[in-house]
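Both ligands and their constituent atoms are indexed starting at 1 by order of listing. Nothing here was measured: the structure is a model prediction, and the numbers come from that model. Along the sequence shown, residues carry numbers from 1.
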Amino acid sequence: MADTSKLLEYAKKFIVEEDHKISLKDYDTDYDHKQLTKEEGENLLKLGVEKLSELQGKLYVSNRYSVLIVIQAMDAAGKDSIVKHVMSGLNPQGVNVHSFKVPTSLELKHDFLWRHYLALPARGEFGIFNRSHYENVLVTKVHPEFILAENLPGIEKKEDINQSFWNRRYKEINRFEKTLSDNGTIILKFFLHVSKKEQKKRFLERMDDPAKNWKFSYADLKERALWKEYRKAYEEMFENTSKSHAPWFIVPADDKWFTRLVVAGIIYEHLEKLNLAYPTISDEQKAVFAKAKQELTNEIKETNGVAEN
Ligand code: ATP
Ligand code: MG
């Protein structure tokens, strides 16, 4: 049986250190196939999911922290599959997944963080942002017309969207996350790092698979053509927004089983550190339990031979 210590290897390996300028080409998209076989990896994931489920119970009862998981990636990198496989063991009552799309006209009438505030997890719960507030420094950077649609003061034409505009946005995001973190939200941010080659393979597979072809949109090819621009936006975002209280992890995403394992391992490690526990029972409560037990036992004696329904 795999042991949990193996789940603790990934955070330090894939974290983006605070204020580090990074280049995505220095990060692997595939798994090196040396440490684990796929089968071992899948067993370890199973263990990780079981552990997360135990921790979820304690998170709920201790009612002190919430957990926000942010997932960002290029198309077909496996965002949905992370939600499905890593969160599969959790009690659905305590997990909310939000998939953020192009903002609606109502959302555009508010500041860019508004819709994200509304979707945050309550204390004791998990929230998953499948795409997130980070789209506001990614897709909007590659397509500045989205910013113009926000109707912001002083931003009337594309030339107004300069570096100081983006720096302000990073600051606003950092402030938002710092407030959340100070108030008990554990924030973990994952970039699923898929190669352009693997994306092509997955697009082709999607189109050929009747169960998946609804996922393919011609617009995805237009975004693919902007690969370099997205990379630049991602790199700048990592440098400006990876913080010790809200770190980014760049997770290899060409092998789906490995991606899931890394994400589960990192969440497990961060929750384990909180030392969550079920509340201890006081002597007074123990006495109440003893009394209740006695009453239930007597009740069974009294109703012996009579069907209890
Ligand atoms: P899949 O990988 O299954 O295609 P998806 O997350 O790409 O899932 P889609 O409905 O295809 O889901 O796309 C959602 C789109 O919404 C993405 O192109 C994303 O860039 C866009 N989007 C999300 N947030 C914003 C935002 N704040 N401003 C503009 N566009 C946004
Ligand atoms: Mg898409």
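- The single protein non-hydrogen atom nearest to atom 20 (O) of ligand 1 is E135 OE1, 2.9 Å, given as residue, atom name and distance.
- For the pairing with Q72, the side chain to side chain donor-acceptor pair (under 3.5 Å) check across H133, R131, K79, E135 returns one residue only, E135.
- Contact atoms of ligand 1 toward F100: 23 (C) (distance under 4.0 Å to a heavy atom of the residue).
- The shortest N/O to N/O separation between R115 and ligand 1 falls below 3.5 Å.
- Of the heavy atoms in D80, only side-chain atoms (C-beta onward) come closer than 4.0 Å to ligand 1.
- For the pair R115 and F100, the NZ or CZ position fails the cation-pi test of under 6.0 Å to the six-membered ring centre and within 45 degrees of the ring normal.
- More than 12 heavy atoms of other residues, nucleotides or ligands sit less than 6.0 Å from atom NZ of K58.
- Atom NZ of K109 sits about 10.5 Å away from atom OG1 of T104, to the nearest 0.5 Å.
- Ligand 1 has a nitrogen or oxygen under 3.5 angstrom from a nitrogen or oxygen of K101.
- Residue, atom and distance of the protein heavy atom nearest to atom 30 (N) of ligand 1 are V139 CG1, 3.4 Å.
- Ranked by closest heavy atom to atom 16 (O) of ligand 1, the top entry among V102, L108, I147 is V102.
- Of the options H143, K222, M74, K79, the smallest heavy-atom separation from atom 2 (O) of ligand 1 is shown by K79.
- With Y134 as reference, W248 is the one residue of W248, F129, F191 to meet the ring pair (Phe, Tyr, Trp, His ring centres under 6.0 Å) rule.
- Polar contact with ligand 1: present for D75 (N/O pair, distance under 3.5 Å).
- Residues I15 and I250 do not share a hydrophobic cluster, defined by chaining ILVMFWY side chains whose heavy atoms lie under 4.5 Å apart.
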Show your working on salt bridge (charged side-chain N to carboxylate O under 4.0 Å, His left out) between E272 and K51 and close with a plain yes or no.
CA-CA 9 Å; E272 188 61 19; K51 292 284 161 198; over 6 Å; no
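- Backbone and side-chain nitrogen or oxygen atoms of S132 are examined, and none is located within less than 3.5 angstrom of a nitrogen or oxygen of ligand 1.
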Report the C-alpha distance between R168 and E172 in whole Å, list the side-chain angles of each, state the deciding distance to 0.1 Å, and finish with yes or no for salt bridge (charged side-chain N to carboxylate O under 4.0 Å, His left out).
CA-CA 6 Å; R168 191 181 87 198; E172 287 162 350; 3.2 Å; yes
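- Some N or O of R131 is nearer than 3.5 Å to an N or O of ligand 1, by distance alone.
- Within 6.0 Å of the CD atom in E284, the count of heavy atoms belonging to other residues, nucleotides or ligands does not exceed 12.
- The protein reaches atom 10 (O) of ligand 1 closely, with a heavy atom under 4.0 angstrom from it.
- What sits closest to atom 28 (N) of ligand 1 on the protein, heavy atoms only, is P103 CD, 3.4 Å.
- Per residue D75, closest N, O or S atom to the Mg ion (ligand 2): atom name OD1.
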